[in-house]
Amino acid sequence: MNHKFPEYKELDLAQVNQEVLAFWEADQTFAKSLQAREGRPSFVFYEGPPSANGKPGIHHVMARTVKDIYCRFQTQKGFHVKRKAGWDTHGLPVELDVENRLGIVKTDIGTKISVAEFNQACRKAVMEYTDMWESITAKMGYWVDMKNPYVTYHNQYIESVWNLLKRLYDKDLLYRGHSIQPYSPAAGTGLSSHELNQPGCYRDVKDTTVVAQFRLVRDEVSDFLFAQTDTPDVHILAWTTTPWTLPSNTALAMGANIDYLLVRTFNPYTRQPVSVVLAKDLFREFFPEKNDALAIEDFQPGQKQVPHRVLGEFKGARLELARYEQLMPEMPRPEQGDAFRVLMGDFVTTSDGTGIVHIAPSFGADDARVAQKYGVGALTLVNKQGRFVEEAGFLAGRFVKNEYSPELGPDDETTDVFIAVTLKNQNKAFRVAKYEHSYPHCWRTDKPVLYYPLDSWFIRTTAVKQRLKDLNNTINWKPAATGTGRFGQWLENLVDWNLTRSRFWGTPLPIWVSEDRSETVCVGSMAELKHELQKSVEAGFMASNPLADFRADDFSDQNYNRLDLHRPTVDELVLVSPTGKPMRREPDLIDVWFDSGAMPYAQLHYPFENKEVFEQFFPADFIAEGVDQTRGWFFTLHAIATMVSDSVSFKAVVSNGLVLDKDGKKMSKRLGNAVDPFKTLDQHGADAVRWYMTTNTQPWESLKFDLAGVEEARRKFFGTLQNTYAFFALYANVDGFRADQPKVGREHLQETDRWILSHLNSLIRLCDERYQDYDATAAARAIQHFVIEHLSNWYVRLNRKRFWSPGQGPDKLAAYQTLHECLLTVARLAAPVMPFYAEKLYRDLVSTCPAAWAHSVHLSDFPVADEGLVDKELEERMDMAQTIASMVLSLRRKVKIKVRQPLRRLVLPVLDAAIVPKVEAVRDIILREVNVKELDLLTDTTGILVKSIKPNFRQLGQRPQYRSAMKAITTELAALDQAAIARFEASGRHGFQAGDGQAIELELADVEIVTKDMEGWEVATDGKLTVALDIHLSPELLREGMARELVNRIQNLRKDMGLEVTDKIRLALQSHPETDPAVNAHRDYIGGQTLASELVLDPALENDPEAKRLELTETLALMVKIQKS
RNA sequence: AGUCCCGUAGCUCAGCCGGUUAGAGCACGACACUGAUAAUGUCGGGGUCGGCGGUUCGAGUCCGCCCGGGACUACCA
């Protein structure tokens, strides 16, 4: 046991980090913190799995700080908080990374390199940086169980995922369909949205655009248009930026509520009379105002300006299901569906084009959706190479983009232009123009992406949309707007989840299909697979059952690794259908997001193991990840839990924002502005980084990470806290203070003790509330304010003398106990945010008596506020004392009188009798602080004070009848002179007539009276308080001031000589007419303060070689001799 | 393009239910202190609260539109 509080020369947070880490390691503190709460209620936390094939960045430190804070807090609150780490190991980023390293592309897989080899490479790459992750996790103090993580590629994990898929399959929530996906003809591969979001993928390109004329068929629906015009035909105008999709057009889309016009005009190219339909909002884009006056009848074919006349207006809904003729009749017609009709689409806008959208369901996602809704078929006249197929007649063999062709260059005629010219000549183009827009490009080949229909499996999330929304409303989102806004919107516009990916390294889709697709089986477990395989062996489709030895009740890796549940092994398994046909696995993998969304189940290998455990660990009380996960992990967790368990997956979620560089730019390796997390933690210590991140900004706002801010946190907060501790330790050791001494009675507490304890307990309550509400920022800011402003700048400053005064006694003990209590409590309050320094501080503070406290702050309980110690009135009057002291100091500065120079009198005019007792209570504190001898409260201030009066708006606002008279009241009050104010104060009321004749009667409560000035005094005003300072210096005061100057200089000298605080001295001062009177008058004081056992005035000191020269003022110096006695 | 977040001093951020003189820290400048001292205190300059319009007796705060930054989703004629 230590009998002394450790003292330190300086604060080295990085060093503290090291020491505490070593302590935790040796002590197994994390494990103990869990053991200690074993059997207590659980606080459930889910760790979102990071991908270990990338190095951790500073933003991970941010995200993990958030997680760690609330887990540590809830642990201190007594909950059992299990934290299982996890690794996201599948998916495209891993594959791309491996392709890069091997120098291959997707199409090489299966040819240049086998799938087995490729997947082996992925398996290795995926855990490549595991040790870096483990290291950063430890260094930053994130407590999570890294020893038993869940890993998404393990067979047990996959089995759980398969089980979930099977449940969805059984609920008829899985179906096969096709969707329009980005596809790179040049690379021959589908692209994910992830790939499309690589920087530089979206590029501005200039394309030839066409406004095509679609000829309506006259029928019951469209008849009303034909009836209004003289031309035989009516055309719908539709705009496209991809004219190569026009041959595949099968429908047009209009907005049901959009206003459209029927316009009689002439085709600008063929000059033929036409009647066209377009959105009213876009009318002026095609028909300028200057042509309004031109008459249709007068039009000459050679005329440059084309006349127009609006014939009618109607809502899009009127044309629903109207028929039109195929634009290019030489093209085939779709085999299925009722094509060439006008559909209503909610995606139609009038922001550009014509307000009517050309629909080619094969080449647009919106197109496909609306076409499917109406049962309109598709034409796919382009193949995967981006080339028109044979059936496309005169277009057959053409590349839709020159970039896809090996021969064509940018200067060759494009298919778009070719089609535009063709349509022009056929009176089918109303406008042809170049248009610049952004379009995605394949990041590997730099060539434009093609949207192309591909087969996929989907999860019917739209079937549970309402339930998803309802459950979402019960989730506590931080910030709330993310839940209602971003996430809510996302759910509102939900589409079915495109589950499958044509890839290699991922969880295989456990669905086997017979060749004619008539029979399907979904496998939900290893045991089931074994059983199916057995049947297949019996049917003769498999030579042997690779799972023959698998035992369903043995969860060991050895048992589970009998068969790798990845490609290509699973592809080789042929099953048998109920009718005896062979079935092969659907070759696709599932979206990796399903892996991570399945983690509440799969991390426990549910439902095969841990069935009861799962009940306790679902749903999570809390999760936290970046906002970019809103539609990622947050969604997949939510969707899977809703569909499988009809429950939320998490009750509360904190989404944290980006970490940008200090100029607000995104960090990237390319720009070289990425902050190295290891270096940062090593240099500044995790606490400073965590503290900075937490206090600087709310976690969901993006953080402009600036090392200067980390440094500031260290200097301001940790420096002050450390100084406060060092101050405490210095004197506590001198006095042999022990923290486990019985508490002194409350009667021994001074006003300042009770004041700081009041603040402390308010702080405890606030922190508890804020942490509870996932608002660590407010908690940490409050702690910081308490430490710097209240504890250090005021409490320690006011009470320094109590600590260094000689002797012992209840008053001194009270001071030690109060300060100790404050520091100890701060350590416990701040521990979730700054786990290392809090640990250090806590252990130092309890080091003199470890038995009385937990040996780690993280094993200690969160402080409980003692409401009985909270005294708001006390806090108020101390605030007032601080304000008054500050005002006096300001006055002193103004008149250039040092604080060391005592002054006679301070006067405080009292406007409100209520403050009298408050001031009385803090009178001594004020006087001591500002070095003034008397404080007078002046109650009768008439004639002395200059007052001003203004309305109390808040008060008056409560009275409806005066609300509109506010201006008149303001004017009236501003006009009152001193006498009128005095009368008002005396009578308590003031009546007058407002401009409109309203009689107004004001009471004192309706106004605020403040003082401005005082005749003949040095005065300062702050709000309602005014102080006046008597700055007259009597000879007596000057002598006392001089004595203090002397003491001050002698103390400095003592220090310079290296004397201990307790050393006694013999003191000789040079005799001097300017100082002798002060020395004589205050001999005892000087001697006492400087511990001088002997004080002599020596006229001959000037020549003493041992004497030192002291500068007292600019003009006065004195010789002094000090000898240790 | 849609959705969401943000915009307050040179920088980082507070500002509750609308109340009339908008605050803190950093940085900068001046002064003071020197037994917490590689600390500390006091004072000071510095603001069209992104812009415009509206509601109101009164708007940084509420509403609408716009501008700028960011994120996500989409890329669609």
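Both backbone and side-chain heavy atoms feed into the values below; hydrogens, waters and symmetry mates do not. Throughout, protein chains are lettered first and strands after them, A, B, ... in sequence-line order, and every chain is numbered starting at 1.
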- Taking N and O atoms by type only, does the side chain of A/Thr720 place a donor or acceptor under 3.5 Å from a partner on the base of B/A39? no

- Query: Expressed in whole Å, how much space separates the P atoms belonging to B/A32 and B/U21?
  - Reply: 35 Å

- Message: So, does A/Asn723 get its side chain near the phosphate of B/U40, meaning an N or O under 4.0 Å from OP1 or OP2?
- Response: no

- Query: What distance, rounded to whole Å, do you find between the two P atoms, one in B/A22 and one in B/C4?
  - Reply: 33 Å

- Message: Can you measure A/Asp367 atom CG to B/C75 atom P for me and round it to whole angstrom units?
- Response: 11 Å

- Write down the distance separating the P atoms in B/A24 and B/G45, rounded off to the nearest Å. 12 Å

- Does some side-chain heavy atom of A/Leu721 sit less than 4.5 Å from a side-chain heavy atom of A/Leu823? yes

- When the ring planes of A/Phe487 and A/Trp477 are compared, do they come out parallel, tilted or perpendicular, using 30° and 60° as the limits? tilted

- Task: Answer with base, sugar-phosphate or nothing: what part of the nucleic acid does A/Lys716 contact at a heavy-atom distance below 4.0 Å?
- Result: sugar-phosphate

- Using whole Å, report how far CG of A/Leu450 lies from P of B/C76. 10 Å

- Do A/Asn656 and A/Leu703 touch side chain to side chain, with heavy atoms closer than 4.5 Å? no

- Under 30°, 30 to 60°, or over 60°: which ring-plane class applies to A/Tyr452 and A/Tyr183, parallel, tilted or perpendicular? tilted

- Query: Can a salt bridge be assigned to the pair A/Arg714 and A/Glu711 using a cut-off of 4.0 Å between side-chain N and carboxylate O?
  - Reply: yes

- Query: Distance-only, no hydrogens or angles: does the A/Tyr731 side chain make a donor-acceptor pair with backbone N or O of A/Arg802 under 3.5 Å?
  - Reply: no

- Message: Looking at A/Lys478 and A/Asp775, is any side-chain nitrogen of the basic one under 4.0 Å from a carboxylate oxygen of the acidic one?
- Response: no

- Please state the P separation for the pair B/C66 and B/C57 - nearest whole angstrom. 28 Å

- Query: Which parts of nucleotides 11-16 of chain B does protein reach within less than 4.0 Å, heavy atoms only, written one letter per nucleotide 5' to 3' as B for base, S for sugar-phosphate only and - for none?
  - Reply: -SSS--

- Message: Determine whether a donor-acceptor pair (N or O, by modelled atom type, separation under 3.5 Å) exists between the side chain of A/Ser792 and the backbone of A/Thr720.
- Response: no

- Measure from the side chain of A/Asn1048, starting at C-beta and using heavy atoms only, and say which of B/U40, B/A36, B/C33 lies closest. B/C33

- Message: If I pick the C1' atom on B/A59 and the same atom on B/U12, what distance separates them, to the nearest angstrom?
- Response: 26 Å

- Would you mind telling me which residue lines up with the more 5' stretch of RNA chain B, A/Arg715 or A/Val796, judged by nearest nucleotide? A/Arg715

- Message: Rounded to whole Å, please give me the gap between CG in A/Leu956 and C1' in B/G19.
- Response: 10 Å

- B/U8 and B/G25, which share atom name C1', separated by this distance in whole Å: 15 Å

- Note on the structure: Against the side chain of A/Glu712, the closest entry in B/C76, B/G25, B/A36 is B/G25

- Query: Want to settle it: does A/Gly719 or A/His785 sit nearer the 5' end of RNA chain B, counting the closest nucleotide to each?
  - Reply: A/His785

- Query: Using Watson-Crick pairs (N1 to N3, plus N6-O4 or O6-N4) and G-U wobble pairs, both distances under 3.5 Å, which stems of at least 3 pairs involve RNA chain B?
  - Reply: B:1-7 with B:67-73, B:10-13 with B:23-26, B:28-32 with B:40-44, B:50-54 with B:62-66

- Message: If I take atom CD in residue A/Gln722 and atom C1' in nucleotide B/A38, what distance separates them, rounded to the nearest angstrom?
- Response: 13 Å

- Base, sugar-phosphate alone, or nothing: which one does A/Ser792 contact when heavy atoms must sit under 4.0 Å apart? base

- Task: Can you tell me, in whole Å, how much space there is between the C1' of B/G69 and that of B/C33?
- Result: 45 Å

- Which glycosidic conformation, syn or anti, is assigned to B/C63 if syn requires a torsion within 90° of zero? anti

- What's the CD1-P distance between A/Ile788 and B/A39, to the nearest Å? 14 Å

- Geometric class of the A/Phe803/A/Phe727 ring pair [parallel <30°, tilted 30-60°, perpendicular >60°]: perpendicular

- Message: Would you measure the distance from the P atom in B/G10 across to the matching atom in B/U55 and give it in whole Å?
- Response: 32 Å

- Roughly how many Å is it from CG in A/Leu282 to C1' in B/C76, rounded to a whole number? 15 Å

- Kindly point out which of B/G41, B/C76, B/A36 is positioned nearest to the side chain of A/Asn793? B/G41

- Task: Report the distance from atom CH2 of A/Trp633 to atom C1' of B/C72, rounded to the nearest whole Å.
- Result: 18 Å

- Task: For A/Ile884 and B/G41, give me the distance from atom CD1 to atom P, rounded to whole Å.
- Result: 20 Å

- What is the ring orientation for A/Phe728 with A/Tyr725, classed by angle as parallel under 30°, tilted 30 to 60°, or perpendicular over 60°? tilted

- Flag side-chain contact, heavy atom, 4.5 Å: A/Val888 against A/Leu903: no

